Every structure is written in structure tokens, then in C-alpha cells.
Amino acid sequence: MGKELVIQKSWCKKCGICVEFCPKNILDLDEEGVYVKSKEECILCGLCELRCPDYAIYLEK
Amino acid sequence: MGKELVIQKSWCKKCGICVEFCPKNILDLDEEGVYVKSKEECILCGLCELRCPDYAIYLEK
Amino acid sequence: MKTEIRLSGSGGQGLILAGVILAEGAILSNLNAVQSQSYGPEARGGASKAEVILSDKSINFPKIMDSDILISLTQKSFDEYSKHIKENSIVIVDSSIDVHGINAKVCKAPIIKTAEEVLKKPMTANIITLGVLSSVIQDVDKEHLKKAISKRVPKGTEELNMEAFEQGTKLIAAM
Amino acid sequence: MKTEIRLSGSGGQGLILAGVILAEGAILSNLNAVQSQSYGPEARGGASKAEVILSDKSINFPKIMDSDILISLTQKSFDEYSKHIKENSIVIVDSSIDVHGINAKVCKAPIIKTAEEVLKKPMTANIITLGVLSSVIQDVDKEHLKKAISKRVPKGTEELNMEAFEQGTKLIAAM
Amino acid sequence: MMAVKVKLLQGNEACVHGAIHAGMKFFAGYPITPSTEIAEISSLMLPKVKGTFIQMEDEIASISATIGASIAGQKSMTATSGPGFSLKQEAIGYACITETPCVIVNVQRHGPSTGLPTSPAQGDLMQAKWGTHGDHSIIALSPTTVPETYSMTVRAFNLAEKYRTPVILLLDEVIGHMREKVEFNELENLEIIDRKRANCNAEEFKAFEVTEDLIPPMEKIGEGYKFHVTGLVHDETGFPTNSTEEARKLLSRQTKKIEDNLDDILMNEEYMTEDCEILIVTFGCMVRSSKDSIDELRAKGIKIGLLAIKTVWPFPSEAVKKLSEQVEYIFVPEMNMGQMILEVERVVKNNCKVVGINKFNGEIITPQEIVSEVEGVLSFAK
Amino acid sequence: MMAVKVKLLQGNEACVHGAIHAGMKFFAGYPITPSTEIAEISSLMLPKVKGTFIQMEDEIASISATIGASIAGQKSMTATSGPGFSLKQEAIGYACITETPCVIVNVQRHGPSTGLPTSPAQGDLMQAKWGTHGDHSIIALSPTTVPETYSMTVRAFNLAEKYRTPVILLLDEVIGHMREKVEFNELENLEIIDRKRANCNAEEFKAFEVTEDLIPPMEKIGEGYKFHVTGLVHDETGFPTNSTEEARKLLSRQTKKIEDNLDDILMNEEYMTEDCEILIVTFGCMVRSSKDSIDELRAKGIKIGLLAIKTVWPFPSEAVKKLSEQVEYIFVPEMNMGQMILEVERVVKNNCKVVGINKFNGEIITPQEIVSEVEGVLSFAK
Amino acid sequence: MPSKVIENNFRVNRLPHIWCPGCGHGILMRSLAVAIEEANLDKDKICIVSGIGCSSRSSGYFDYNTVHTTHGRALAFATGIKLANPDLHVIVISGDGDATAIGGNHLIHSCRRNIDITTIVFNNNIYGMTGGQYSPTTPTNDKATTSPYGNIDKPFDICDLSAGAGATFVARASAYHAKQMIDYTKKALLHKGFSVVEGISACPTYYGRKNKKGSAVDLIKLIKDNTQMSNDIVKSKLDGKTAIGIFKDEIQPEYTEEYKKVMDKF
Amino acid sequence: MPSKVIENNFRVNRLPHIWCPGCGHGILMRSLAVAIEEANLDKDKICIVSGIGCSSRSSGYFDYNTVHTTHGRALAFATGIKLANPDLHVIVISGDGDATAIGGNHLIHSCRRNIDITTIVFNNNIYGMTGGQYSPTTPTNDKATTSPYGNIDKPFDICDLSAGAGATFVARASAYHAKQMIDYTKKALLHKGFSVVEGISACPTYYGRKNKKGSAVDLIKLIKDNTQMSNDIVKSKLDGKTAIGIFKDEIQPEYTEEYKKVMDKF
Ligand SMILES: Cc1ncc(C[n+]2csc(CCOP(=O)(O)OP(=O)(O)O)c2C)c(N)n1
Ligand SMILES: Cc1ncc(C[n+]2csc(CCOP(=O)(O)OP(=O)(O)O)c2C)c(N)n1
Ligand code: SF4
Ligand code: SF4
Ligand code: SF4
Ligand code: SF4
Ligand code: SF4
Ligand code: SF4
Ligand SMILES: [Mg+2]
Ligand SMILES: [Mg+2]
């Protein structure tokens, strides 16, 4: 589909929800917020986008 | 049971409910209110008392 | 010229409507008119009273203290309101009423009996009353009153009420 | 003698509680104290600020314009409130904060680091701060402060917080 | 000669006729004596003009729906009496801060609480100004005749639209329930004012713009101007802000837009004031008793006049003050324990003596009572 | 020497402590900033004294339950802030006409409407008197310190019980949320007053008897004195009547029972008034700013004093009038657009000049602002 | 001389009541008195609370402790009364408007809390006191002074609503079914928890007249015709009838008892 | 740069929103935006109405016509808006307190009227905005700042209540069940009549903390554990679970259409 995972770190409030519910377990938090541990493993399922309360992580073409 | 039909005519507002629902059909209205056409026929069922909105007709010992 | 008229009776007799029609007839006749009523503490039954003030000048205070014309259809209302009449005023009562010791021109008319026996509709008493009144209040054109009646009574009862009005006008003549 | 102390930082840091404890310690030490805070427009997160006024006289106006002592645990709060300090006042900040061009006696203390690394509980930063403060405010008896701490912190965390307080007192000595 | 169109109308009826003349397209209410006829007649008339009537579950819902309808672009009204007016207070403040035009009718009855629910009173005058929490301006009008109820309802809508503000129409049971002649020819020509619309495109639109006249233009929902409305302090854009400066600006502007236009908003009637040495100041149905009493007192040679206050809020301080310099006494007859008199006293200071004539038993004060009260005071003063 | 028991309490906390001291056994409320702590602390403390706390579905239910509990015989209280206070207005009138003792706390915040919900203001002063429809008297108290919040809450209950009337406790966000030292020794000895009970048997009992002191004794439900309570106009028996004379008597008595006891009810504090030529009149948290400003102005040689009004309703007209004869200026600092100043102006007439110092942006007026305002006016006058 | 039950339970000197001739409220009011007699409640401990409306005027006639409050809020007042003195038998009398229009929220929350109060709703499908406006129980298409072209609202079923909101005893009888009214009311009074008894009433003056449904007698007959004895609300509706019966009767934790447990912790 | 759906539906310059980290409201708010996109509504014709509460702050973020009203009254305002302009898609966003405590009456009456408004309730079982007091949906025994000894109230089931009061579309999803939330909300938006979608939310700051239920993540997991997909509310309760599903979906006369018929008589 040509989608890609995008992170807008400045909006991340570090709640950890996306980290917990990523089926591939490839997300994690650092001081500033969320980051992808291994982008290649991402299956573009969109669950992180679906549940991020702050719209800081999403898939976009 | 020694009960008796009592009418307190001054309280009667002449709505006709007791008249309508007396199973023996022995009640009627005049200018001043309800009266018994034939007391002897009264079976003391108390339905008039039960449904008189103004407590003007009742059975009492 | 200012005439203060009080119509009194019991709840269901439609005297407020009569007052309204009278006031409407009056304004059609180019008079000023103010009509008011007092509601009971609650809407239920009991006494009823309408007040109408007619004048060729403007009317300020809208209530009546003592009436020029008192109409009473019940004994209770007569007893109450006959205390508040002007000297030399007119009092119109139903024939059933016991009038005693008042200083007024009293007209007794069989209003309720006419409603019940002639028109066979007790609820026409208010319009019969208007008929009676129309003979007393000359400034209000009878035709205007009739116009007001047909406008204000329930649809379908216009004819009955015209008849009631006519009967009323005859009652006072008959006295 | 009147000392106006402003404690500033971010929402979850517990500085309002620190202010309350400071005020309570002060009244146990026979001073007068007024503590207040400004709530954000809504209860959610964001900046946090507590104000404490200590005095041996009665205190009327309960808010602080310019502080005698400013505590800031975040850069943002420092930038905001360092604008409102008296001349020759004391400013206590977490070591992480970049302090520039202010005319005050500045104490930098590794408050947050101590909380995270020594006590392993970030939420003890507020009590560590109190420890730091206790060395600056002589009129408030340390024992009274401790009493206030053990009364006000959540049950079961008394010991941890005593330790935090002690660590705080040491920080300033270490400077 | 043009045919004179006359009708015998009740005050409450005239109010609805006036409202429909003014363009009312929405009414939400909850019945309460003595205002109920306003709802009833609205339910009858509104569908005929493609307007909407709804009976809501209570008074709070009624005023909320009324404000909502106005935000959606319709001229709207609600009506109630004392207890319901108390319940509407929170939402009145919302209408003030959101500058939503609407008309709130209170047909006053006796109180406090349920009191004498079918009897007249004028006990909600102060409430009309102070009933809701926080600082705000309000316009309140009070008619004295049935025809005036018609024209004043039109005026209430006009002021609401012109100044983007709720307007309270303070009737009383006497005016609401009496029937009187209404001549329509002039009334039907009464001017109608509609709210000012934006003269810019949607992108530039600011829902609470500070314009020169201090009255922000108002757009309709559904026409592309997507805006936000809130009861929080907000800036020109309409979005909430915590800025104390914006708070000050907002409240100042909302007060100032009324105060700068007192010339347009205030309305009084003077009766025999030219040479008067004694003045009656009053409002609502008491104007009627007062006029009769003045005729009687004048006939006795007493130089008395009347200032009938039609816009009761803002209070016409200047008019009262000016007349107070000319007279020795001001009498303030009110069917309450003394409310308007507080404003009069404040305004006239030591200029003249101020005497209240009060009745709070559910009865109207009669001309005779005013006459004897005035005569009593004057004879005592001699 | 007795050990001094001191505590650091928040104003809202002190209010609950005071209420419990006074005998509060029932609290019904609905949360709203900045009054919420009063509910929260009540929920914590009441079960410990066999009292009841309930969070109701809204503010109307809360005050209704509060009045109900008092009719049932318990001392009761509710607390809210602006929007909730608006909603409670109808029921406040019911408490007035039924003469039901209870305490209604309004911790004022910025308004109108939602305004700046966490910021302080004093914009509900007039509403406390005029918020409900119809004529009625009300007692409203406003403390300036945390310890005083404690004692004044006790006083609120005492006045409510003594005069059979709702009492409004008008806090503000500043006092409600600040923490201050409270010394308990004296406070714990504060007198407690309970409602007067009947001294006759059930047959003779009249629930609204006109006694010499105009305050009817009050019985509890469930103890044999079966009585009727209604918000309708009622006679001595408590049953509704349409008699205009009874209506007059009822409302007069309910007003008079307050007005006859102003000596007992009113409470002010004077500060440096003895020789003052300039006076500050104010209430609530503004007293604190004013005192500091006075100290500063006195230091500059300006003879200024303070009348701190603690019983804000009924308004202490006599005290203000008396001082107005001595001074040249009265300044009225208020965190609103000018409410108490209206009463001051009314009362002082031309005795002196009256100047408002107002802030309505959600911020407290500082001593410095008062100082410069006073200095500004004085220098201009020179 | 009135009957014993009237004399024992009413303030006879205030009778006859203010209601219109044939008003169903009088029948329901008597039913409550009889139920109280039969339930053998201590009359000193009874507190009747009502709102505003024709129905709500009933409080003044009962010779117990009686509180006539504000429109719609009777249940909120009653909640305060009951909590302040849980020994009282608190009974609320309300109208369809009082209970389900302005008072709807207090009704559902009282149901939810399951506080031991019995509520009797005199449902005449109209606002009687204010002269015949439609209420939340006025049937669709019926006329009222504020629905001159026919009511477009869908009515509440008071029993449905109460049961759904959590009341633990719910029943309906009528002015025609006075025996059942007495019986259900008695059961409601003896029930521990929040109980609702809807009594279908009749307002000849406004509802009857506006809808051309004839006299008081006709209205009572209409109730008879439009109802059926059944404990199944939904099924009855399918028959085009209103069910008369007990629809819910279950025991759940009662509010004042639960609160007592909190107090007993100290 | 935010995602397309955010950019197309929100006032991006007002984001990030004021809610706490991990607050479930953010998830539900996005779900609504996606549902609106998918339902293909004309955005100029959308009007979002909210009351007061954390949840109710959402109105300000949507780039439609938005009205932030008073506490509990959003549905009453919305009723006025919808009737004044029936062409609008009126959507109410409310909290559990806003909708079922102070606003309970407006909720049941809106249900009863079946007016074409979609109501989304962000139910976090607590009053978030005022700092954690119990609400009408707080489970029994839970702690809140006003139930320090455990809540003794019995909670409402918002879906039960709405269906009982007459809503014609009723569904429940959650911040965990965001997909279903989108799906049900979309169906609700397209439904003609009054629709209610309850979204179970999570308030880590107050509800979570007070009840020692852990972090935001823990609360979302808890929702997962305590729910089951089912269209039977009652049966789910027997399993100790909250049902996620569509519980009612029927067509009945809609209020503004009925009113239009009245107008069309003239
Ligand atoms: C706050 C308030 N709003 C409105 C009213 C007017 N009012 C009195 S009773 C009533 C409705 C009565 O209807 P219902 O409860 O069904 O009782 P009924 O008279 O039919 O027995 C209304 C709207 C009021 N007294 N108070
Ligand atoms: C009339 C009124 N009463 C009370 C409040 C205070 N208040 C604001 S939001 C709120 C409750 C919010 O709870 P909920 O609706 O569940 O929303 P949440 O914050 O949990 O999302 C309360 C009680 C108010 N603003 N107005
Ligand atoms: S899209 Fe799916 S797999 Fe990729 S990061 Fe998000 S949740 Fe994980
Ligand atoms: S869910 Fe969103 S806010 Fe939370 S950690 Fe992930 S990106 Fe950050
Ligand atoms: S007791 Fe029965 S039979 Fe006798 S009069 Fe009454 S209803 Fe008729
Ligand atoms: S039912 Fe009662 S009031 Fe009606 S007619 Fe019979 S006795 Fe009279
Ligand atoms: S108006 Fe209707 S409800 Fe009221 S008393 Fe008359 S008949 Fe009964
Ligand atoms: S307080 Fe609770 S509901 Fe409110 S924003 Fe924070 S987490 Fe969300
Ligand atoms: Mg009814
Ligand atoms: Mg919530």
C-alpha cells in the first residue's frame, strides 16, 4: 500500500499505550517519547495509530 | 358483617363514578349529589367506596 | 363614560368567556375595553369572576373595586360580590338567587332555567347572560357582540349560541 | 521578618505538597504561614506552582509578587518565575537547569538525579527539595518539618521520605 | 381612511404576536402559571410560519434549546415565571458570555418559592439583573399595556439581535392575563432588526471579533463559517484562553457594548412631569395605577408627575437623577418589598426624599392607595 | 499554660471542620471547582460523627436533599460555586419561605457562566441576595481568613438555627484554597445554637406559629408532631391559604425576624478607623489586600482605615453611613465590576465620595494596586 | 362524618379536596391511605413528600408528616429526609409531569440508588395543574393545549423507565383498579428498597375535554378497556393494552443500610 | 505534520489537547473523526455540541461548528440547534457525569423523542475534570475522592438506560476497542433517530490512581479483560463482563420529521 509509519515526537505524551499494544513489539519510549526499535518489522497494522491518544504515531502514504 | 352504606352528601361532587360502577345499579344522582335508589338491594361490595374520588360514599359498621 | 362590569358565578359557567366577548364587542363598537379575571389558587373548580371595564377614554387601572353592573349566576357569588357595588348600580342575577337589602336596581332573569329548559344546554348560560347584558349596555352594538360571539365560541356551536343570545335579550324585556 | 517562597515545576512533581509541608513545619515552629497555589485552567498536567509566605507577624495578602526564595525544578518554570524575584534573593534550581543572567544567589542541586538515582523514586523530588530548603530557611525547625512530612506523605512512604529529606539537606551542604 | 385593524388580545397573546412579527422562529418552554399561554399560543402559531415549538422537559432544557436555536441562526424565545426563571439563571449567564441573542420572558407572579402562584407581583426585578453568577450586563424591558407588550416584544428581539445579547421581558400577571384593545396598523409597521452578519470570508472570520461598535458579527451554523462557542472566557477567535488580559477585555467589551448605547436602549415615558413637584417612578402594571392616581391628585391641585420606566435594566439613572433635581418627593409604588426604590435611592442621593409604596400580598396597588399614601406623606410634611 | 493546638488548614477544610463543630450531620453536594474539597472532606469526616454524606446527581438535588434533611431534624449543608449556585436559586427561595435552617456555601469563582473556572472572583455578591425570585430576606457571611472560615461556618449554622433561615456562606477561591494556621483552643469553645423546639404538645403545635420573637419553633419529623411544610403562602398552621392578609403577614414576619435582629446578625471589623479620613469598605479576601495597603498608606501619612464587612447581607447600612460622615472618600475594592459599591453609594448619599477599585479578570487585587489607586485619586483631588 | 379510613389518615378539616369532580387522583389518594392502614405503618413515622401539581397537593390532606416541595424535586427532598432519619417511612406522591418531566433525573437516580422510598405516580397523562399541556406520558397524537395539532412525542412507560433505571419494586394499577392499587401500594410500602407504583389516573377537566373522551365516568371506563392484568409490559403492548401488575420485585442492597455500614466502620 | 485524518478534522493549531498522558478520551475523539470521515458527512453541516468535563473539551478540537455549553445541558442545546436547522448533523460529546448525572434528564428525554442526534459518551467512570469524584457509572465499592470508604452507589449501565428510555440506536465500544468504536459511531451517525454510543474510556490520573489500577496502559488492558464482544448486555453481566456491541438498532418516527409534518399542514 506504500504506507509508512510516522512519528510526531513532539506530540507524544509517553503514555506507553502504543508500545504495549504493538503486535510486533517494536516500539519503545525514551526521554522525549516514542521511537521505533526496528522499523523493518512493522507490519503497518495501524494499531498504534488507532490507540494513540495524542495522534503522535500514524501510518501515512 | 353489620356494615352499612353511608353517604356524606355534602362531599359528593356528582361525578357519577359510583353510579356507573355499582354492580347492582342502585345509585343515582340528584341536584345535591348521590343517593341510593334501593338500599335493600345493596350487597355491601364496597366498590362505590373504593372508587369515590371524594370519600362521600362508604360502608361503615 | 366608564362602566365597570363584574360577571360572577361558578367555575364551569363560562363567565370569563362572556367577559371576553363583551370586551370584544365593545372594542368593535369603538370603545376601549379591559377585561381581566382572577384565577383561583389552582385551576380547579370553585368560584369564577370576570371583570370588564368599558370606556370611551383610555383605561388605566385594570381592576374593578366597586361595580356599576354586577352579574351573579350563583348565590355564593352574589353574596360575595354584592358587597362591592357602587351606589345606584345595576345588579343582574339569575332568578334562583335570593336578593336582599341591597341598594341597586336589581334585574332578576331566569338565565339558568332558560339555558336548561329552552336551549337544553346548560353551558349556554353565559351567552344568555350576554343577551341580558346587551339590553342594559347600550354603547355596545348588538351586532358587534354577535360577531364576537361567533368568533369566540367553539366551532359548531355558533347557531346555538346566537339563539341563546337572542333568548337573553328577550329575558330582560320580559321583566 | 517575612519570607516569600515560590516552588515551581511541572504537574506531577508534588511541589504543592512540599509547599504545604513547609507551611505546616513553619506553624509548628510558631511562625505564621500562608500557603497557596494556582490551579491551571483545568486539573490536567502542565506547570505547577506553590507559594508559601512565612512571617512572625500576621500575613494579609496571601499571594507572592516577587519571591525571596525561588525553587524551580524545570527549565520552563525557571524561565517563567525567575522574572519575578526580589533583588538579592535566593534561587534554588535542579542541576539540569540552565541559569543565566539573574541577579540572585543561585544554588544548583541535583534534586531530580538524587531522586532517580539515589532514592530510585522520582516522586521523592519534592521532599528532597524540602531538605534543600530546610538548610536555607533557618526559622523553620527541621524536626517540625519532619513531623509535617510524616503526617502528610502517603501512608507507608514515611521512611522513604525521611531519607529523601535527609538527602536533600546534604545536597546543599555539598555545594 | 385605512380600515383600523383592532383585536382584543391578552398580554401573553400579544407577546407571541409581537414575537412572530419580530421574526421568532423557535420557542422552547415548560408550562408555568401565569406564563403558560405564551407557550400555548406559540404552539398554535409557530407551525403556520414554519417555525418550531417544543415543550422541553424542564425550564433549564427550555432555555438551553432556545440558546441553541439562536446559535443555529433562528430568532428564539422562551417564557416562564418565577420558579422557572430561577432555574434558567445559569443558562442566562451562558447567553451573556456567548453573546447569543434571545428573548426570555418572565411573567412575574407572587413569591418567593411557590408563594401565591396565580397572584401578581413584581418581585423579580432585581433577579432579572442579578440572578446569574458573575458580572454581566443585561437588558430587561417591562411593558404596561397589551399593545405595548406587542411592540416591546418586537423591541426585545430587535435589541437582542442588534446588541447580540439576551433580553429579558419582564411582564407581570396583570399585564400577561388582561385583555385589551390592540390596534394593528401601526404595530404591523414596526421595524425589524436582524443580527449583523460577517462581511468577510470563512477564513478571515473571527466569531468574537472586536469591531468598532463592540458587537461581533454573528454567523449561522451550516454555512461554512465554522466557529467555536464556549462559556469559558475566550478571545476574539472564540476559543478559550486563560489570559487575564483577555478576560478583562471580554467582560469590559460585553458591558461597554450596552453602556455605550444607553441612548438607544433606554426607554421611559413621562407623564405630567413638566411642572411636577412630586414624582412617581415605577414600572410594569403599576404605571396604570399611578396614572389614575395622578389624575386624581392633579384634580386636587397636587403637582405630581410620573416617570414610567420601560427599560428597567440598565436602570435609567440619568433620567431619574434629572427629575430628582426638580422635585421634593419621589414615590416608588411597587408590588414587592422595595426593589426599584433601591436604585432610585442610589441615584438621587440627597436630591429629594424617596418614599416606597409597597404591597407584597398578591394584590395590585390601587390608585386610591397611592393617592392616600401621597396625601398622607404630604400632610405629615406640612 | 495550655498546649496550643494548631493546624494548617485550607479554607475549604476549615469550613468542614467548623460545620462539624457546629453539629452538621448531613451534607449533600455535587462537585465543582473551587468548592469540591468541601464535599470531599465531608465525605471523609461525616461517617466518623455518624453523619451522612451524599453526592447527588446535580446541584438542585443537592440543595433539595439538604433542605429535606433539615426538615427531618438534622443540621445540614451544601456547597458549590457560581454555576451550581445559580442552579440552587429556586430551592433557596423554598428554604426561605419554609424557614428551613441550612447552610449554603458558595466558593466564588470567575464568571459569568464557566468564565475562568479556577480563578478567583467576588462576582456573586448581589446574586446571594437577589438570585431567587420573589421577596425574601437572606443572611450571607463572608470570611477573610482560614480561622475565620471555621468560626464563621459555626456562626452560619448558629444563625440558621436561631433564625430558622438559610444562611449563605460566601467564600472565594482565594480563601477556599489557601492554607493558613488555625489555632483550635478558642475555636473549640465556640458556642453552638440549636433550633428552638416546641414547648407544647402535638395537638397545640402550630408549625409556623407567630411567637413574640417572630421565629416559629421547629419540630422534628417522626416525633409525633405531625405538621405540613409547603412553599405556598401558608398561615400559622403551615397549611396553604389564599388570604392576601396572610401573605402579607408571612412575608413581613420573615423579613422582620431578620431586621429586628441586626444587632445580633451584623458583624464588621474596623481597622484604623478611629482617626481615618479615608475609608476602605470591602469583604472577603479583599480585606487582606486592603489591610496591607492601609499599612503602606499609613506609613506615608495618609489617614486611612478599613471597614471589613463580614455579614454582607443584610448590608450593614448603619455602620457604613456612620463612617461615611467622618471621611472624605470611601474606596471599595472588589474583584468584580462593582457590586458592593452600589450598596455603599445608596447608603452614603452625598456624605462622601465613593470610588470603586475593580478587577474582574480572575486575579486578586494587590495591596500595591489599592495604594496606587488611592494615591492617584488623592493627588488628582489636590 | 367520613369513613374510618378517611378519619384515621386524613386531615378531615381540609376535605373535601380541591380536585375537580371525578378526578382520578381522589381514588388513588384513598388507595394509598388504605394501603398504609393495611401495612400497619407507624403513622408518626410516615413522611409524605410531594412536588407541585394537582397530584402533589395530596400531601396536605394526609394526617402524617407532610412536605410539599418544589416542582419535580420531591424525590431529592425525600432522599435528604430518609438519609437524615432512616427510621421514617418516606413516601413520595408525584404526577406524571412532576416525576418524569422536570423530575425525571431525580427519579432515575433514586431508582439507581435503591433508597428505601416508595414513590406513587398519579399518571393522568397531562399537566393538570397548569391547565392541560402534554406531558412525557401523553400518548402520541393526543391533543393538549401545547399540542393543538396532535402530540408528536413518544411517551415514557413509567414502569419500564423505573425498572430500567434500577428500581427494585415496580408495579402499575389505576383509579379503576383501586383494589390492585391498594394491594401493590401495600407491597411497595413493605418492600425494602426503591419502589414505584404507577397509578393511572384520569383528568376529566383537561385531558378528557381536550381529547373529547367524555366525562369522568367515560375516562374510568376507558382505563378499564385499555388495560389488562399482566406482569409483562411488553407483551401487553403488543395486545395494544397497558399492563396492570407487578413487574419487578427483587431484593438488592438498600442505600441507607449500605451507608450505615460505612458509618459502622468507625 | 499530523496524519491526514487529524489534519482534515481537527483544529491542528489547538493540538496537542489538554488531556493527561494516556487519557482514553484522545482515542475516542480520534475514533469519532474517523467515523465522520468514513460516513462521508458534509463537514460544514456538522455541529458538535458538548457540556463541561474533560471529555466535553473535545468540541474545541474539531474543525466543524462546535458549541461548548454548560454542564449537563449539551443535549438540550443540541435539541434547539437540530430543530432550528434539521439539515445539520448534530453530534453530542459528553462524559459519564455530564450525560448521566446532571444531564440524565436531558438524556432520557432525548431518547424518548428520538430526535436525530448522535450522542457519544466518553465514560471513564469518574468526574475527571473536577479531580476524581464518583459518578453515576463508578462501580460499587470503587474509591473516589468523595467515596473514600468505597462507593455504595449502584452504577447505571448507560446503554441499558438509553435503550430503556427510547433511543433507537445503542452501542458500546471502548478506547481499547477503537475499531469497533469507529464502526459503531459511523453506524450511529448514519442512523436516523436518536443514537447513543458509549465509549469506555480511561482516566489514569484520577480513576486509575485512586483505585490503584496502575498506569494508562494497565487501564486499557483492564478494559480488554473486563469486556466481551456480545450484543446481549444482560448475559454479559452474568459472565461478569461488560458487553461490547450494538444493542439496539431500529427505525421509529424521528422527531424533526414528525415536526415537519405538523408544519406541512399549513
Ligand atoms: C419550576 C416550576 N416549573 C413549572 C411549574 C408549573 N407547574 C406546576 S404543576 C405542573 C405540572 C403538573 O403536572 P403533573 O405533575 O402531571 O401533575 P397533575 O397536575 O397532572 O396531577 C407544572 C408544569 C412550577 N410550579 N414550577
Ligand atoms: C453546573 C455545574 N456543576 C458542576 C460543575 C463542575 N464540573 C465540571 S465537569 C464535571 C464532571 C465531569 O465529569 P464527566 O462528565 O464524567 O467528564 P470527565 O471529566 O470525566 O471527562 C463537574 C462536576 C460545572 N462546571 N457546572
Ligand atoms: S503499525 Fe502495527 S506493527 Fe507497526 S508499529 Fe504500529 S502497531 Fe506496531
Ligand atoms: S500512544 Fe501516543 S502518546 Fe502514548 S506513547 Fe505512544 S505515541 Fe506516545
Ligand atoms: S356497596 Fe356495592 S352494591 Fe352497595 S351501593 Fe356500593 S357499589 Fe352498589
Ligand atoms: S363517586 Fe363519590 S363524588 Fe362521585 S357521584 Fe359517587 S359519591 Fe358523588
Ligand atoms: S385539573 Fe385534572 S388532574 Fe387537576 S384536579 Fe382537575 S381533573 Fe384532577
Ligand atoms: S483527569 Fe482523567 S479524564 Fe481528565 S484528562 Fe486527565 S486522565 Fe483524562
Ligand atoms: Mg399529570
Ligand atoms: Mg467522566
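Excluded from the calculations below are hydrogen atoms, water molecules and symmetry mates; all remaining heavy atoms, backbone and side chain alike, are included. All of these numbers come straight from a predicted model, not from anything done at the bench. Order of the sequence lines sets the chain letters (A, B, ...), proteins ahead of strands, with each chain counted from 1.
Per-residue heavy-atom pair counts under 4.5 Å with chain F were compared for E/G123, E/S243, E/G231, E/G93, and the maximum is reached by E/G231. Of the listed residues (F/S113, F/G111, F/A91), the greatest number of heavy-atom pairs within a distance under 4.5 Å of chain E belongs to F/S113. Most heavy-atom pairs under 4.5 Å with chain F: of the set E/V344, E/D135, E/T230, E/T114, this distinction falls to E/D135. With respect to chain F, the highest number of heavy-atom pairs below 4.5 Å among E/H136, E/Q254, E/E363 belongs to E/E363. Here F/P83 is the residue among F/P83, F/G131, F/S81 with the most heavy-atom pairs under 4.5 Å with chain E.
Applying the side chain to side chain donor-acceptor pair (under 3.5 Å) test between E/S86 and each of F/E90, F/H133, F/Q89 identifies F/H133 as the sole match.
Under the 4.5 Å side-chain criterion, counting only non-hydrogen atoms from C-beta, E/L251 is in contact with F/H110. F/L342 is listed as a side-chain neighbour of E/W130, based on a closest heavy-atom distance under 4.5 Å. Proximity of F/N242 to E/T118: side-chain heavy atoms (C-beta onward) are nowhere separated by under 4.5 Å.
Across every non-hydrogen atom of F/N361 and E/T244, the tightest pair is CB-O, 3.1 Å. Residues E/L232 and F/P117 share a closest heavy-atom pair of CD2-CD, 3.5 Å. When all heavy atoms of E/D124 and F/G134 are compared, the closest pair comes out as OD1-N, 3.0 Å. Nearest heavy-atom pair, E/A247 versus F/L116, reported as atom, atom and distance to 0.1 Å: CB-CD1, 3.7 Å.
To the nearest 0.5 Å, atom CD1 of residue E/I341 and atom CZ of residue F/R346 are 9.0 Å apart. F/E343 CD to E/E345 CD: the interatomic distance, rounded to the nearest 0.5 Å, is 9.5 Å. The CZ atom of E/R248 lies 11.0 Å from the NZ atom of F/K359; values are rounded to the nearest 0.5 Å.
For E/F360, the parts lying near chain F are the backbone and the side chain together; criterion is any non-hydrogen pair under 4.5 Å.
For F/E328, the CD atom counts as loosely surrounded, since its 6.0 Å shell holds 12 or fewer non-hydrogen atoms of other residues, nucleotides or ligands.
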